[in-house]
2 protein chains.
Amino acid sequence: MTLASILIVDPDIKSRSQIAYGLRELGHDVSETHDAGSALAAVRVKKPDLMVCDCALPDLAGVELLSDVRGSDEFRAMRVLMTSDRSKSDDVVSALKSGADDFVGKPINMQEFLARVDACLRRPANHTESRQVRAGAITVDTVGHRVSVGGNFVSLAPREYRLLLFLLSNQDRVYSRKQLLLHVWDKDSSVGPRTVDVHIRRLRSLLEPFECDGYLQTVRGSGYRFSLTV
Amino acid sequence: MTLASILIVDPDIKSRSQIAYGLRELGHDVSETHDAGSALAAVRVKKPDLMVCDCALPDLAGVELLSDVRGSDEFRAMRVLMTSDRSKSDDVVSALKSGADDFVGKPINMQEFLARVDACLRRPANHTESRQVRAGAITVDTVGHRVSVGGNFVSLAPREYRLLLFLLSNQDRVYSRKQLLLHVWDKDSSVGPRTVDVHIRRLRSLLEPFECDGYLQTVRGSGYRFSLTV
DNA sequence: CGCTATTGTTTCGGTTTTGTTACACGAGTC
DNA sequence: GACTCGTGTAACAAAACCGAAACAATAGCG
């Protein structure tokens with residue numbers, strides 16, 4: 001990643017333009033915003049490789065913006081380098097703990113800053129997707145598309161997999177057949193509601209050898225629910 | 001990585017013991033050395049997860065020790081955090097450029113230091129462009145573009161090689177045909193998705209004599225995956 | 001230029017998956 | 001207890017999907 005798209009979030013025009021200048025010198029594609037709101041908008045549009053963000057923003061703490069980004073599936077992989085006044089030494093710790101890739105104190109030493117930016121971009125993305133969804137003995141590896149129950153791999157048909165994953169990620173909630181069709185089947189598919197029953201049954205019989213079939217619960221008159229408690 | 005094995009390389013007893021104390025407080029397994037020579041020996045024996053190394057060593061520049069480590073296949077993955085007197089501002093840049101994972105200036109702010117150590121350990125190993133990629137009996141030499149299975153060299157066509165290497169370096173992940181086309185074929189090439197099937201098949205038949213064809217797994221409805229576990 | 005290795009396409013056939021339907025069962029209600 | 005509605009179960013047929021193989025196009029090489 002030699003040339004990157006970088007977003008600077010800093011309310012202070014002076015340091016913002018100083019940073020922007022240094023990065024543009026190196027050929028990076030730089031955008032600038034002054035608060036968290038416009039930063040989020042810019043992130044959605046530009047999908048930058050790196051966000052350089054000050055800890056003190058007018059509308060939201062920089063660390064909270066960071067948490068927001070790390071919490072979203074879509075932008076979790078984006079690198080984030082936080083900055084802050086050197087006097088506020090707590091910021092370093094809280095920024096790094098919240099998942100910042102690096103931190104640079106102000107006033108900025110441009111040589112160091114650029115070296116750290118480079119290092120950030122060179123590194124493989126850190127905060128990768130959350131892989132596993134778990135419930136009791138059941139584990140679903142969403143990246144490897146694998147399901148294991150009590151350590152044994154269980155092979156599921158595609159639709160069974162999607163159904164189980166959906167129910168597992170939304171435990172303790174009842175879904176009507178119609179709702180399940182909406183979420184697990186294609187939105188426009190015209191499939192009879194009894195189809196859901198059949199798939200629930202198939203899932204149950206697959207989970208039965210491990211005594212996990214009870215987690216798929218029928219709610220008479222309403223639909224189905226996944227829950228560990230009876 | 002909550003508890004780590006950490007090696008401190010610093011000629012100055014004071015800062016060395018200060019650092020060691022802070023790390024031990026957190027429960028890490030800490031060793032100490034004072035120069036590059038004993039550091040290399042210690043690295044070989046202890047295989048630490050992280051080396052904290054000062055830039056000014058009596059027998060060798062800290063940055064050169066870093067380069068040595070990064071140059072070896074065996075220890076490339078070790079994290080390295082460099083330290084140096086804050087006045088010597090060049091050190092930051094040269095350390096990061098040489099592949100340090102992070103840098104902290106002295107005098108050390110212990111809170112910041114520990115947060116940065118944590119961040120280092122949390123991150124996936126960075127400098128992993130190792131010469132060899134391995135999985136089970138399969139070894140891919142990325143420099144010599146050679147593949148051996150159980151000691152026997154296997155000759156692969158270019159595309160087969162790229163496909164195998166890609167899947168091997170991303171084990172246990174399912175890739176759709178589209179994704180594979182994106183990664184293994186050229187980004188804009190308009191190639192039919194079934195082409196992937198054919199290449200998977202060819203790879204399988206090449207691996208079959210060594211009973212490794214099972215590692216290339218079909219995930220019905222989703223794509224393919226390389227995995228050592230069935 | 002001609003040969004060969006590589007690469008992509010297509011077709012065919014078998015298997016798995018999937019939705020439907022028919023029927024049995026069982027809980028709740030009167 | 002009998003009736004009814006909703007659900008469980010099993011069998012079946014259609015559709016989707018993948019593996020295998022044959023074939024065509026292309027590139028590389030002498």
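Keep in mind the model is a prediction, meaning the values are calculated, not measured.
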Nearest whole Å is fine: how far is [N] [atom2] from [X] [atom1]?
X	N	atom1	atom2	result
A:Ile200	D:dG8	CD1	C1'	12 Å
B:Arg204	D:dA20	CZ	C1'	12 Å
A:Leu206	C:dT18	CG	P	12 Å
A:Tyr175	D:dT7	OH	P	18 Å
B:His199	D:dG19	NE2	P	14 Å
A:Leu156	C:dT16	CG	P	15 Å
B:Arg225	D:dC18	CZ	C1'	15 Å

Looking at [X] and [N], is any side-chain donor or acceptor paired with a base atom of the opposite kind under 3.5 Å?
X	N	value
A:Arg194	D:dG6	no
B:Arg220	D:dC18	no
B:Arg202	C:dG8	yes

Plane angle bin for B:His199 and B:Trp185 - parallel if under 30°, tilted between 30 and 60°, otherwise perpendicular: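 Perpendicular: the ring planes of B:Trp185 and B:His199 meet at over 60°.
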
Distance-only side-chain donor-acceptor flag, B:Ser148 / B:Arg134, under 3.5 Å: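 Short answer, no.
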
Flag for A:Arg173-A:Tyr175: side-chain donor and acceptor within less than 3.5 Å: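 The criterion, which ignores hydrogens and geometry beyond distance, is satisfied for A:Arg173 and A:Tyr175.
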
Earlier contact from the 5' end, DNA chain D, for A:Gly221 and A:Val198: A:Gly221

Minimum-distance nucleotide to A:Thr218 side chain [options: D:dG8, C:dT6, D:dC18]: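 For A:Thr218, the side-chain atoms sit closest to D:dG8.
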
Shortest side-chain distance from A:Arg159, nucleotide among C:dG19, C:dT17, D:dG19: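 Out of C:dG19, C:dT17, D:dG19, the nucleotide with an atom closest to A:Arg159's side chain is C:dG19.
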
Touch class at under 4.0 angstrom, heavy-atom based, for A:Ser190 against every strand present: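 Contact class for A:Ser190: sugar-phosphate only.
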
Touch class at under 4.0 angstrom, heavy-atom based, for B:Tyr161 against every strand present: nothing

Spacing of A:Leu180 atom CG and A:Leu167 atom CG [to the nearest 0.5 Å]: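 The CG atom of A:Leu180 sits 5.5 Å away from the CG atom of A:Leu167.
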
